[in-house]
Protein chains: 2
Amino acid sequence: MNNSSGLGLRERKRARTSEVIHVAAAELALERGLDAATIEAISDRAGVSTRTFFNYFPTKEDAVLGIDEVAVSAELDKVRGCDGDLFLALFDLITALFEATGGGIKSDLKRDVIRKYPHLMTRQMVRVAELEDRLSAIVAGWLAKDARFAEQTEAEHLEAARIILGVSLATVRITMKKWASDPDPATGPPASAAPRETYERAIATLGTVMEKLR
Amino acid sequence: MNNSSGLGLRERKRARTSEVIHVAAAELALERGLDAATIEAISDRAGVSTRTFFNYFPTKEDAVLGIDEVAVSAELDKVRGCDGDLFLALFDLITALFEATGGGIKSDLKRDVIRKYPHLMTRQMVRVAELEDRLSAIVAGWLAKDARFAEQTEAEHLEAARIILGVSLATVRITMKKWASDPDPATGPPASAAPRETYERAIATLGTVMEKLR
DNA sequence: TTGCATTATTGCGTGCAACGCAAAAAATCA
DNA sequence: TGATTTTTTGCGTTGCACGCAATAATGCAA
């Protein structure tokens, strides 16, 4: 480790290659369509062999979305508290997982490609849902430190955490789908603010619905 | 239409073939594993060509689960009211979609195969989620006839319906996952009662959580 | 019952995804 | 520099998904 970033050359190069492949995949999907963006074409543009492609991404869709398993896992390992609203904290965590990879142009690309192929959002959600165990453990940790859940057992915390997580994921999915189907916001305001508010209102709606339906 | 079932011979034969393929797929998956249950092997056992396989199911997993698009659509077209608890009515609707196809041995097969390969449950949920628009329209209809939502606009009904649907799907998924990971219930009591109660308790938990977290 | 129209089945061929394996290339370290 | 470890790559294999056109089965009408 003789450099400034704390990462060896190998790791940096690996991250860079991952990004190159992702960008190639996403751009190709935007330019010529998802079907035409074949793995061979993506690999060509990225300047790697098709075999190397699979050393970085298990599926084409993962490459288009730029899902970097290592980065996602690292993001999960960050210790997070929950100071304010639990649902909002969870929203931030989930969206952080979406964008885990370091960023750069990627966010915009990802947004465009999901806009064009909304089913990728579902894919993305499924991927996050696969982290269910780790995520619900985090939420359970939050509950354990929350005075309002002090009287509950650890098992009950986990139970509640799973439900909260599932509900949040569903709500994020709805939120993002709406966001993706919206007409372009004219590149005006910070595009990332809107979904968070939409999500917040959706949770509020859920609150009143639960109240009325019991 | 000169028979008792109201279906022509063609339709009956089609339904039968669909079932034969599904059973072959599920049994093979149970006997030799999901990977070994190749489309060629399934088709062989079902006595059809591999090409015919794709005339009935778009993917191998759909065949294993026995997802009959026609039957699902028919199930959706049944008019359903919501007399009692809305969440429970939604649970019944969703699980009815799961089992849509007419049944027979299928339910047991399906249960076993999902037990063995839980990720198929996620697949199943994704399939149902693809019906989001039609399902949320149904729920919105229920809300429209509900006195407690009388003051809301149609758009608000649809908005709330989407959220309710998403939450229910998530909860069903959690419920079914738990059910699938449970040890065999010794073939004792009606196995279908348990998930419904588990779901009911989960919704109740969500209610108290929402109360505490606002 | 027979002939016609419709629909289903099948074989063939294509393209692509995914991955195992071992050789070659590159990066790290001593 | 030379040895070690990791990465990249080429090659080959298997299986999924489907288009197309020929063939077979079925339903319908005369």
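In the text below, chain A, chain B and the rest are named by the order of the sequence lines, each starting its count at 1.
If you take OH of B/Tyr56 and P of D/dA17, they are 18 Å apart, rounded to a whole angstrom. Rounded to whole Å, the distance from CZ on A/Arg16 to P on C/dA27 is 11 Å. With rounding to whole Å, B/Arg12 atom CZ is found 19 Å from D/dA25 atom P. Distance A/Asn55 CG to C/dA26 P: 16 Å, rounded to the nearest Å.
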Which protein N or O atoms sit under 3.5 Å from an N or O of nucleotides 15-19 of chain C?
unit_1, atom_1, unit_2, atom_2, d
C/dA17, OP2, A/Thr38, OG1, 3.1
C/dA17, OP2, A/Ile39, N, 3.3
C/dA18, OP2, A/Lys60, N, 3.3

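By the 4.0 Å N-to-carboxylate-O rule, A/Asp62 lies close enough to A/Arg127 to be salt-bridged with it.
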Does B/Lys110 form a salt bridge (Lys or Arg N to Asp or Glu O under 4.0 Å) with B/Glu99? I'd like the steps, not just the answer.
CA-CA 9 Å; B/Lys110 212 160 170 172; B/Glu99 296 172 23; over 6 Å; no
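Under the side chain to side chain donor-acceptor pair (under 3.5 Å) criterion, A/Lys145 pairs with no residue at all, not counting sequence neighbours.
Side chains of B/Thr52 and B/Ser49: a donor on one and an acceptor on the other come within 3.5 Å.
B/Arg80 forms no cation-pi arrangement with B/Trp142, by the criterion of a distance under 6.0 Å to the ring centre and an angle within 45° of the ring axis.
In this structure a side-chain-to-backbone donor-acceptor pair under 3.5 Å is present from A/Tyr199 to A/Phe87.
OP1 or OP2 of C/dA27 has at least one side-chain nitrogen or oxygen of A/Lys13 nearer than 4.0 Å. Regarding contacts with the backbone of D/dT9, a side-chain N or O of A/Thr52 is found under 4.0 angstrom from either OP1 or OP2.
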